[in-house]
Each structure stands twice: as C-alpha cells, then as structure tokens.
Amino acid sequence: MTTKIPARKNLKNISAYVAGKPIEEVQRELGLTRIIKLASNENPYGYSQLAKKAMLAEMDQTAYYPEGMAPALAEKLAVKLDTKKENIIIGNGSDEIIRLLTRSYIAENDEVIMPDVTFPRYETNVLIEGGSPVLVPLIDGVHDLDSMYKAITDKTKMIVICNPNNPTGTIIEKAKLEAFMSKVPKHILLIIDEAYYEYVNDEEYLETIPYLEAHPNLVILRTFSKIYGLASLRIGYGIMQPSIIEELVKVKDAFNTNRLAQAAAVASLEDDAFVKYCANQNQLGKVYLQTELSKMGLEYFPSHANFLMIKLNQPGKEIFEGLLKQGIIIRSGHLLGYDDTIRVSIGSQEENEEFIQALKIILN
Ligand SMILES: Cc1ncc(COP(=O)(O)O)c(C=O)c1O
C-alpha cells in the first residue's frame with residue numbers, strides 16, 4: 001500500500017490546468033497526420049524571420065546562463081513602449097508574472113476580485129497562496145466594472161482585469177476603464193492583462209501605459225506568445241512601478257527566461273511588418289468566420305482578439321469531440337465556464353474554411 005503524503009491544504013481543491021490539446025497528442029490518439037489546432041490562440045503565421053536569425057546566432061551561447069533580468073529586451077521594450085526599463089520585468093510567459101504577483105502579494109484570506117469567466121490562471125494562483133478569489137460575473141461577456149468596484153472590501157488586495165477578455169474577446173469601453181482606474185484605492189494592485197493587445201483595432205480600447213505614473217498600483221501584462229508567435233519559448237512581460245518589480249524579483253527564478261527566447265523577443269520587436277501582417281490577416285479571418293457563422297444562424301461574442309467564442313444550442317463538448325474526430329482541435333466551453341459554447345482561435349484562411357466546413361457537417 002502506498003501512503004499519500006499530504007500536500008499543502010491550499011492545493012486540495014485545485015486541479016491541474018487543462019491546456020488546449022497538443023497536436024502531437026491528437027496525432028498519437030487518432031492516428032491522423034493532418035491536424036488543425038485552433039485551441040490555444042496561437043499564431044497561424046508562425047514568427048518573425050528576424051527572430052529565427054537571432055536565435056540561430058545565439059545558439060552557440062547555450063552553455064552559458066542567460067542574463068536573469070533580460071536587460072537588452074527590457075531596454076528595447078522601454079523604447080518601443082515609451083516607458084523606462086526600470087518599469088519592465090520579463091517573465092517565463094506572462095503566466096509567470098501572474099504567479100510572481102500572487103506569490104509576492106497574496107497571503108491567506110486576501111481577496112482578489114476578477115471577472116467570471118476569464119483566464120483561469122488568476123484564480124488558480126490566488127488559491128495556491130490561500131487567497132480568496134472574488135468572482136464577479138461578466139455581463140454579455142463584458143467586465144461588470146460597477147459590480148467589481150462594489151466587491152471591494154478591507155480584504156481586497158488585488159483586482160484583475162483581462163482586456164480583451166479571454167475567452168469572450170470583449171474589451172472594456174475607454175471611459176469606463178479610465179474611471180475605474182481612478183476610483184480603485186491605490187493600496188489595491190490593479191492588474192490589467194493585455195495578452196491580446198496587438199490584435200485590438202478599436203478606438204474604444206484604452207492605452208494604459210500612459211496611466212502608470214498617475215496610478216502607481218497599475219500592473220500591465222503583455223506577452224510574446226500571441227501575435228509574436230513565440231508561445232513555446234515562454235516569454236512575456238509586465239509593466240509596473242519599480243517598487244513592485246523589486247518584490248517580484250525576490251520570488252522569481254534567477255534564470256527565468258532562456259537565451260533563445262530573449263534573443264527572439266528582441267529581434268521580433270524590430271519586425272513591425274510581421275506584426276501588422278498578422279493583425280490584418282487576423283481581422284480578415286475574423287470577418288470571414290463571423291460572416292459564415294451568421295449565415296449558419298450562430299451567435300458569438302464580439303471579439304477583439306484572435307479567437308471567437310461561439311454560442312451553441314448544445315454542449316460545446318459534443319462539438320469539440322466531433323471536430324476532434326476530423327482532426328480539428330478547438331476548446332470546449334465547458335472548460336471555460338460556458339457549457340454551450342466553443343472557443344475557436346482564428347487560423348489561416350485555409351484552416352478557417354476547414355473549420356467552418358467541419359462545423360457545418362456536425363451541426364447538420
Ligand atoms: C489572457 C491571457 N493571459 C495570459 C496568458 C498566458 O500567456 P503566456 O504565459 O504564454 O505569456 C494567456 C494565454 O493564453 C492569456 O490568454
């Protein structure tokens with residue numbers, strides 16, 4: 001008989017993260033060779049060729065540890081974003097920055113207000129630290145900032161906003177977010193996750209970096225995993241006051257990002273043409289999918305990102321399984337908080353067409 005050694009009590013009600021099904025796993029399970037993955041909001045156009053060159057040039061340094069704070073990347077970002085390098089921390093994906101924030105700031109019983117539903121890592125990381133997630137339902141897929149404000153108590157330590165929100169893709173109106181940022185007391189950390197920032201093309205989207213000085217509690221999260229196409233390298237960043245970064249660094253792994261990722265990210269920032277191309281293609285793909293879905297009588301949340309959450313009249317899990325058999329991986333809404341939905345990443349035109357074709361077959 002084996003004895004189970006008890007882990008920390010905080011972990012009792014936490015399950016391991018269920019990521020979008022990897023291509024290799026589906027190939028193994030179904031014996032299919034051609035797989036289309038539209039499950040994890042990755043970039044169907046790959047990544048910048050400048051990044052490839054930079055990685056090849058860096059490869060021979062692999063035996064040497066990287067610089068722990070990735071100063072070349074922080075400097076490059078600071079120039080690009082018109083901020084200071086002291087305001088930037090580089091993470092092993094923005095996932096890591098979320099974890100560093102809860103590790104440094106959340107203790108037992110601290111409350112963290114967040115929308116319901118949103119990116120699940122906020123809630124999990126709060127629970128790991130023994131904190132209490134305070135979930136405020138979305139209204140029509142959009143953050144309910146009034147209710148989030150009303151949820152503030154003496155125990156509130158952090159508020160998380162996801163803009164555009166994953167999985168709905170919605171954004172918050174500029175004036176509403178601006179007013180919210182002004183109202184939130186300065187002793188509460190206000191995290192704004194902008195993982196899909198580069199895809200947004202809407203006048204109502206607030207540029208948050210200029211507010212960093214006026215709102216020292218503001219933390220902005222961005223990533224190289226989405227439009228820059230570097231998801232597997234694991235590199236993202238946070239923009240915030242140096243006094244917050246000082247705390248995060250205490251709990252960060254010394255060499256949290258690797259040499260290839262740092263080199264690729266620096267080079268990617270040189271390639272505006274690639275980013276623009278991907279954003280344009282994404283917009284075209286989104287319009288194509290929306291048009292086809294509307295013709296099929298299906299509704300979806302108004303997405304500003306590189307994915308669409310589609311409303312169905314049946315469990316999303318059934319559609320997920322049906323599509324999987326045809327070699328198309330998407331996300332079932334039951335894993336994302338909305339049972340009768342699916343979330344599909346916007347792929348290349350060919351992938352989008354195959355997805356629509358397969359969806360038609362299943363729904364008919
Ligand atoms: C809203 C949001 N934040 C953060 C992440 C994490 O991204 P990464 O850790 O790859 O930077 C994701 C990934 O899907 C996301 O959707």
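Remember, it's 1-based here, ligands and their atoms both numbered in the order they're listed. It should be emphasised that the depicted structure is a prediction, and the values quoted were computed from it without experimental measurement.
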At under 4.0 Å between heavy atoms, which part of [X] makes contact with ligand 1: side chain, backbone, both or neither?
{"X": "Glu96", "value": "neither"}
{"X": "Tyr196", "value": "side chain"}
{"X": "Cys162", "value": "side chain"}
{"X": "Arg121", "value": "neither"}
{"X": "Asp95", "value": "both"}

Problem - Note: Lys317-Glu321 ion pair, threshold 4.0 Å (strictly below) - result: yes
Practice task
May I ask you to check whether Tyr237 and Phe224 place their ring centers less than 6.0 Å from one another?
Solution key: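 Between Phe224 and Tyr237, which both carry aromatic rings, the centre distance is below 6.0 Å.
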Nearest to [atom], what protein heavy atom do you find, and at what distance?
{"atom": "atom 9 (O) of ligand 1", "answer": "Arg234 NH2, 2.7 Å"}
{"atom": "atom 12 (C) of ligand 1", "answer": "Phe119 CZ, 3.4 Å"}
{"atom": "atom 3 (N) of ligand 1", "answer": "Asp193 OD2, 2.6 Å"}
{"atom": "atom 13 (C) of ligand 1", "answer": "Lys226 NZ, 3.3 Å"}
{"atom": "atom 10 (O) of ligand 1", "answer": "Ser225 OG, 2.6 Å"}

Problem - Backbone of Ile98 reached by a side-chain donor or acceptor of Arg121 within 3.5 Å - result: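 Not confirmed, Arg121 side chain does not pair with Ile98 backbone.
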Practice task
Could you tell me whether the side chain of Tyr300 reaches within less than 4.5 Å of the side chain of Ser294, counting heavy atoms only?
Solution key: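 Of all side-chain heavy-atom pairs linking Tyr300 with Ser294, at least one is under 4.5 Å.
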Angle class for the [X]/[Y] ring planes (parallel below 30°, perpendicular above 60°, tilted otherwise)?
{"X": "Tyr122", "Y": "Phe119", "value": "perpendicular"}
{"X": "Tyr277", "Y": "Tyr45", "value": "perpendicular"}
{"X": "Tyr197", "Y": "Tyr205", "value": "tilted"}

Handout entry: Identity of the nearest option to atom 4 (C) of ligand 1, non-hydrogen atoms only, from Ser40, Ser94, Pro164
Key =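 Shortest heavy-atom distance from atom 4 (C) of ligand 1: Ser94.
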Handout entry: Intermediate values then yes/no, side chain to side chain donor-acceptor pair (under 3.5 Å), Glu178 and Tyr211
Key = CA-CA 9 Å; Glu178 202 175 23; Tyr211 292 83; 2.3 Å; yes
Handout entry: Distance filter under 4.0 Å to Gly93 heavy atoms, resulting ligand 1 atoms
Key =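 Answer for ligand 1: 8 (P), 9 (O), 11 (O).
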